[in-house]
Structure formats: structure tokens, C-alpha cells
Amino acid sequence: MSYDPDNIFAKILREEIPCIKVYEDASTLAFMDIMPQADGHTLVIPKQAAVDLFELSADAAADLIQKVQLIAGAVKRATQADGITLFQLNGAAAGQTVPHIHFHILPGSILAARQHASVNADREHLQTIATDIRAALADS
Ligand code: 5GP
């Protein structure tokens, strides 16, 4: 599948549509999932244009997992979750809906997570959690 430069995360990277950001550096952006499956549900994306893990360069993959480790630690502390689930879907057949590779950071168990509500979470609530995550990152 060729990369669609108009996918929603590409637009977020170009700041054409907003996101609630928790982390950004030269290679990575992390932001709150708009339809969280648990409080603190965060997405981490590389800036490299890649549909899925198999399109990502090895260097970008290595960098991405290190950023996921960093941000997941901050999400864990900020939400005081006892456990954190990471997941990353490759291809529509696996359930991937946005064709730009992303890791999900989900406080708690994926088995206990509510199903996609298909409604956007309250923006103020997301902002509050994002502030806590940014503070936890600043402490790390
Ligand atoms: P996937 O099913 O592709 O692994 O996950 C895509 C995720 O992106 C979903 O959890 C969905 O809630 C989230 N999402 C879709 N559109 C947007 C958006 O415009 N902004 C944000 N912040 N998240 C989105």
C-alpha cells in the first residue's frame, strides 16, 4: 500500500488539524487518542512517512520504540496505572484504521478496555491528562 500524504496523522504532523500533544522531537510526535479506550490512551508516531512497521526504516523503528518506552513510562506514572498495554496494528485486516504507523499506549489491560465508543472524548478531560503526562515526562 502506498503512503497517503493526506491521511489524518500526516495532517496532524503538518499541523493542518490539531492534536493534544504530549511529546515532540525531530523524529517523533505523541498525542492523546481522540477516542480513548482508557484514560491516558496515547498515540506515538514517527515523522517518517510509513504506512506500517514493515515500511519503516530500521533506524526509525529503533528510534520509535525508544520513544515509546520513554512516553509509556510517563503515561504510567501520570495515570498511576499498575500496568500498560502497547499495541500496534499493521494493515486493515489487523484493524489498522489510520495508514500512518502508530503505537498505542493504553493504561491498564487491553482486555478491560472499553471498545471504541466512536465518539470523541471531552477535550478538557484530555487536556488535563495530557498536562499530567507532560509533567511526568519533564521529570524523567
Ligand atoms: P488504529 O485502529 O489505526 O490502530 O488506531 C487509530 C487510532 O487513531 C484510533 O484509536 C482513533 O481513536 C485515533 N484517531 C483517529 N482519528 C484521530 C484524530 O483525528 N485525532 C486523534 N488524536 N486520534 C485519532
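Every number for a ligand or one of its atoms is a count from 1 in the order of the listing. In this text the structure is predicted, and so the values were computed from the model without any measurement.
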Between [Y] and [X], is there a side-chain donor-acceptor contact under 3.5 Å, judged purely by atom types and distance?
| X | Y | value |
| --- | --- | --- |
| His125 | Asp39 | yes |
| Ser27 | Gln48 | no |
| Ser2 | Asp4 | no |

Query raised in the report: Are Phe9 and ligand 1 in contact, using a heavy-atom cut-off of under 4.0 Å?
Result: yes
Report task. Could you tell me if any non-hydrogen atom of His102 lies under 4.0 Å from any atom of ligand 1? Result -> yes
Report task. Name the option, out of Asn90, Asp33, Leu89, that contains the heavy atom nearest to atom 10 (O) of ligand 1. Result -> Asp33
**Report entry** Expected output: side-chain Arg134 to main-chain Ile129 donor-acceptor under 3.5 Å
**Finding:** no
Would you mind running through ligand 1 and noting each atom that sits below 4.0 Å from a heavy atom of [X]?
| X | answer |
| --- | --- |
| His104 | 1 (P), 4 (O), 5 (O), 7 (C), 10 (O) |
| Gln96 | 3 (O) |
| Val98 | 3 (O), 6 (C) |

Region of [X] engaging ligand 1 - heavy atom pairs below 4.0 Å:
| X | result |
| --- | --- |
| Ile8 | side chain |
| Ile20 | neither |
| Phe87 | neither |

Query raised in the report: Are side-chain heavy atoms of Ile105 and Phe87 found at a separation under 4.5 Å?
Result: no
Requested in this report: Would you check the N or O atoms of Gly95, main chain and side chain alike, for any that come under 3.5 Å of an N or O of ligand 1?
Outcome: yes
Query raised in the report: Going by distance only, is there an N or O of Thr97 that falls short of 3.5 Å from an N or O of ligand 1?
Result: yes
Query raised in the report: Should Val44 and Met32 be regarded as members of a common hydrophobic cluster, given that ILVMFWY residues are connected when their side-chain heavy atoms come within less than 4.5 Å of each other, either directly or indirectly?
Result: yes
Query raised in the report: Any link between Ile45 and Ile8 through a network of hydrophobic side chains (Ile, Leu, Val, Met, Phe, Trp, Tyr) touching at under 4.5 Å?
Result: yes
Requested in this report: State yes or no: are the ring centers of His104 and His102 separated by less than 6.0 Å?
Outcome: yes
